[in-house]
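Convention: sequence-line order gives letters A, B, ...; per-chain numbering from 1. Not measured: the values here are computed from a predicted model. The basis for the numbers below is simple: all heavy atoms, side chains too, and nothing from hydrogens, waters or symmetry mates.
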Number of protein chains: 2
Amino acid sequence: MNDASGLRERKKRATREALQSAALRLALAQGPENVRVEEIAEAAGVSPRTYNNYFSSREQAIVAAVAADRAAQLAAAVTGRPAGSGLADTVIDAVVASCTDPGDHPRGALLMIATTPALRACYVDAVTSIEDTLAGAVTARHPGIDPLTAQVLAAAVGAATRIALRRWLHAATVPASMPGFVVPAGSLPDGIRTALTPLAPALDAAALDAAPDEPGPMSPAR
Amino acid sequence: MNDASGLRERKKRATREALQSAALRLALAQGPENVRVEEIAEAAGVSPRTYNNYFSSREQAIVAAVAADRAAQLAAAVTGRPAGSGLADTVIDAVVASCTDPGDHPRGALLMIATTPALRACYVDAVTSIEDTLAGAVTARHPGIDPLTAQVLAAAVGAATRIALRRWLHAATVPASMPGFVVPAGSLPDGIRTALTPLAPALDAAALDAAPDEPGPMSPAR
DNA sequence: ACAGAAACTTGCGTGCACGCAATTTTGCGT
DNA sequence: ACGCAAAATTGCGTGCACGCAAGTTTCTGT
């Protein structure tokens, strides 16, 4: 009973989720700048000090729920794409899909995170853990691939996504001064796709170097 | 006289460098944890508040000098490699070289940054700006390349380097079982090279898509 | 040369991250 | 059921990042 079944673990998870949801709710309601740690802690029924035992920054709690949601979504999108297509198409489509399809909460949430610098920075950090998830999904699909290679490719994908995100909202914030000079919006999915395209050769090459995905039902270990 | 010739700009640069060198010197002398912002500010002859007008964290000043050094070194290594070879080889060799060849100060500096978590995190952030430098160098060498592509590839290289660095010192972090011998398994340059290898196809493909630096076979649109 | 503007510095106040040690809660063996 | 050990919570103190509103230095036009 070391894992999730213990009372202890359940309580920890409960407070963590309470903190996350409270933080997100308050941030959406009052604006992210007008939320004190004390408020979040009080809403979750713990002391402010305990908050920092769960999250190491004020923004982290706000972002955590959305980020976790995204990770799960990405993994599902990658593993859900059964077989046959190249790694590049698989990964790119999965990333685009995970950004198109909103998870549970985020409607204004994503926009708030994107437009608030502090939250954006925190979200970028959280993306790092998503990269690990991606790497895991990739090795699951192509067992013969080198783990290091998978990790590098996943990190590259994350970096490209980050750039696409940055460009997208940099273009979106401009138009206050110049009426119509720079078209404010390409769609974010398109931007991500074009940002990811340069990495396609590396993805396909890696998949080709290793064993291509198996025609048969044998499930390799690990 | 808007640029570097003004008195104002010269003074700003002077204080910035004073803060950087003081921070690095104190960190090396006393250990990074035992340096107060107040000390650095006093050593540079400014108020503690002014320190935060130049650097937004305590670690940033320590890392800044080394990071800037690295950026210059990398750019030189990329542009210095005359022509003819593939983009992948060029970039990989340049990155490895910039990590092998120590700049001015860093002897223990790099090791200190690598082993102190807070400094490492800050250095990783600084690497982001190095990526921009790399992207610039790449577009200088291959003018026909899409700027976005260059940026993505540079970010991918940065991400791979980050992973190599992390793996290297994760292997080096031996618990207290063996005191005295903390020899890292494998050299860092080798680790970087292997981490960068999976990206080679993407780099070469991008260079081929654009105009190669010498008149070669024309490449079809992708 | 001089007055006004723009930029930089500084002190102050606030909220936050985190180490430390005391206290409470939970888990487990007997 | 009981008690001890491990773990989590909490309060406190310290150092830090940053907005704000003076005060000071540099730049610019006339």
Could you check whether B:R8 gets within reach of a base, just the sugar-phosphate, or nothing at all, counting any heavy atom under 4.0 Å? base
Hey, mind stepping through A:Q20 and A:I62 against side chain to side chain contact (heavy atoms under 4.5 Å, CB included) and telling me if it holds? CA-CA 6 Å; A:Q20 285 179 359; A:I62 303 175; over 6 Å; no
If you assign each of B:S57 and A:P48 to its closest nucleotide in DNA chain D, which residue comes earlier from the 5' end? A:P48
Please state how far atom NZ in B:K12 lies from atom P in C:dA6, giving the value in whole angstrom units. 16 Å
Would you call A:E131 and B:R162 a salt bridge, using N to O less than 4.0 angstrom? yes
Between B:R58 (CZ) and D:dT14 (P), how many Å, whole number? 17 Å
By nearest heavy atom, map B:S56 and A:Y54 onto DNA chain D; which one lands nearer the 5' end? A:Y54
Just call it for B:F55: base, sugar-phosphate, or nothing, with non-hydrogen atoms closer than 4.0 Å on any strand. nothing
If I take atom CZ from residue A:R167 and atom CD from residue B:Q151, how far apart are they, to the nearest 0.5 angstrom? 4.5 Å
Please find the pair of heavy atoms, one from A:I145 and one from A:A150, that lie closest to each other, and give the distance. CG2-CB, 4.1 Å
Euclidean distance, atom CD of residue B:E59 to atom C1' of D:dC16 [Å, nearest integer]: 10 Å
Hey, does B:R49 reach any base, or is it just sugar-phosphate, or nothing, if we go heavy atoms under 4.0 Å? base
How many Å lie between CZ on B:R10 and P on C:dC8, as a whole number? 15 Å
To the nearest Å, how far apart are B:N52 CG and C:dT14 C1'? 14 Å
Nearest whole angstrom, please: distance from the C1' of D:dA7 to the CZ of A:R16. 15 Å
Quick one: does A:R36 reach the base of C:dG15 with a side-chain donor-acceptor pair under 3.5 Å? no
Do the side-chain N or O atoms of A:T50 get closer than 4.0 angstrom to the phosphate oxygens (OP1, OP2) of D:dT9? no
Measure from the side chain of A:V37, starting at C-beta and using heavy atoms only, and say which of C:dA17, C:dC8, D:dG11 lies closest. C:dA17
Interatomic distance, B:E38 CD vs D:dG15 P [rounded to whole Å]: 9 Å
C:dT26 phosphate, OP1 or OP2: any side-chain N/O from A:K11 under 4.0 angstrom? yes
Rounded to the nearest 0.5 Å, how far does CG of A:L188 lie from CG of A:L169? 8.5 Å
Roughly, in whole Å, what's the span from CD in A:E33 to P in D:dG19? 9 Å
